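Ligands are counted one by one from 1 in listed order, and the atoms in each one are counted from 1 as well. Quick caveat: nothing in here was measured; it's all calculated off a predicted structure.
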Amino acid sequence: MALNTEVIFANDFYSKMNMQGKDILTLHELTTEEIYKILKTTDFLKKQLKKGEIYKPLKGKTLGMIFHKSSTRTRVSFEVAMWQLGGYALYLNQNDLQLNRGESISDTAKVLSRYLNGIMIRTFSHDDVVELAKHADIPVINGLTDLTHPCQALADLYTIYEYKNRLAGLKLAYIGDGNNMAHSLLFGCAKVGMDISVASPKGYQPNENIVELAKDDAKHTGSKILITDNIKEAVEKADIIYTDVWASMGQEAQKETKINALKDYQVNSEVVKLATDDVIIMHCLPAHRGEEITDEVIDGPNSVVFDEAENRLHTHKAILALVI
Ligand code: CP
Ligand code: NVA
């Protein structure tokens, strides 16, 4: 069954869906309808902001933002999102919580639930985020783990919709490390009926369990999923080319090995020529220019990376307004 994005965007059913209290841990755990609900709300809030209309549904609400890794986009956009929605965001780094001195995740979750209305967390272990969500009475939003980056993938789907006016039936080619970003795009594409091909060298391909889960989702939407080491095969007829850094946060010690293993998987002009003429180029940023992507491509006419970064703000507003 192929999904029709335009029909879904026009369908009023989604305005009646309630996502209050929902955790955002991976896109696999959201339904197709919930993902479209977030995308439609993003569209509404972005258009409203551009018209200068301010909508403040989160007056008196507080979001705790726990960061165990660096961040420019996630940190700033979540903080601004809370402020624009009328709420308050509390930035908590590694040294600000007793978690750092051995307090358990479950006790931390129970205590924070007494003060806050939501938690956004960026950390290493995905299991820690699952544990936090299990013991918290408030929604927990995954702001990136070693396994997934769902908020980024939601902003990416919205950006694709803005440029292509549909999602289902498009093809995304992800080139490079089969990392947290590749995993979230696999889930996201499978949920909305987009085809996805991931080209990575052997040993750096996406986690097999994630691929299997995405394939299960794809059975319901008609998405085709391909994991290959062949860039040409992945990029053929692609509407979107996506890449991400070769060494993610926490992999600093493997940086040289990974650069060496992935050096033939650069998104450069030759690779872009293999796709459709109106292909859009995406990257979650931060980019390591000259490694996974060339200046010419990231600064070129097909690149949408800064709209993509901007859309983090609008998507986070949608997520926060819906789950808090
Ligand atoms: N794309 C992304 O999550 O960026 P930051 O690491 O700057 O938050
Ligand atoms: N894969 C990258 C994404 C950064 C937003 C990392 O985890 O560092």
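Summarising the contacts of atom 7 (O) of ligand 2 with Thr72, Asn180, Leu285, the nearest heavy atom is found in Asn180. Summarising the contacts of atom 2 (C) of ligand 2 with Asp244, Leu147, Asp146, Asn179, the nearest heavy atom is found in Asp244.
For ligand 2, one of its N or O atoms has an N or O atom of Ser248 under 3.5 Å away.
Of the charged side-chain nitrogens involved, none lies within less than 4.0 Å of a carboxylate oxygen, so that Asp239 and Lys171 do not count as a salt-bridged pair.
Side chain of Ser184 to main chain of His149: a donor-acceptor pair is present (N/O by atom type, distance under 3.5 Å, no hydrogens or angles).
Taking each heavy atom of Tyr174 and Leu172 in turn, the nearest pair found is N-CD2, 3.8 Å. Annotation for Ile138 and Gly118: closest pair CD1-N, 3.8 Å, computed over non-hydrogen atoms.
Within the listing of ligand 2, atoms 3 (C), 4 (C), 5 (C), 7 (O) sit less than 4.0 angstrom from a heavy atom of Leu144.
The contact shell of ligand 1, taken as protein residues with any non-hydrogen atom closer than 4.0 angstrom, comprises Ser71, Thr72, Arg73, Thr74, Arg122, His149, Gln152, Cys284, Leu285, Arg312.
Pairs passing the ring pair (Phe, Tyr, Trp, His ring centres under 6.0 Å) check and including a residue from residues 287-315, sequence neighbours excluded, do not occur.
With Phe124 as the aromatic partner, Lys69 meets the cation-pi criteria of under 6.0 angstrom to the ring centre and within 45 degrees of the ring axis.
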Give the table of side-chain donor-acceptor pairs shorter than 3.5 Å for residues 126-134, with sequence neighbours excluded, one pair per line with atom names and distance.
unit_1: His126; atom_1: ND1; unit_2: Thr145; atom_2: OG1; d: 3.0
unit_1: His126; atom_1: ND1; unit_2: Thr148; atom_2: OG1; d: 3.4

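At a heavy-atom distance under 4.0 Å, atoms from both the backbone and the side chain of Met249 approach ligand 2.
In this structure, His183 has no ring pair (Phe, Tyr, Trp, His ring centres under 6.0 Å) partners at least two apart in sequence or on a different chain.
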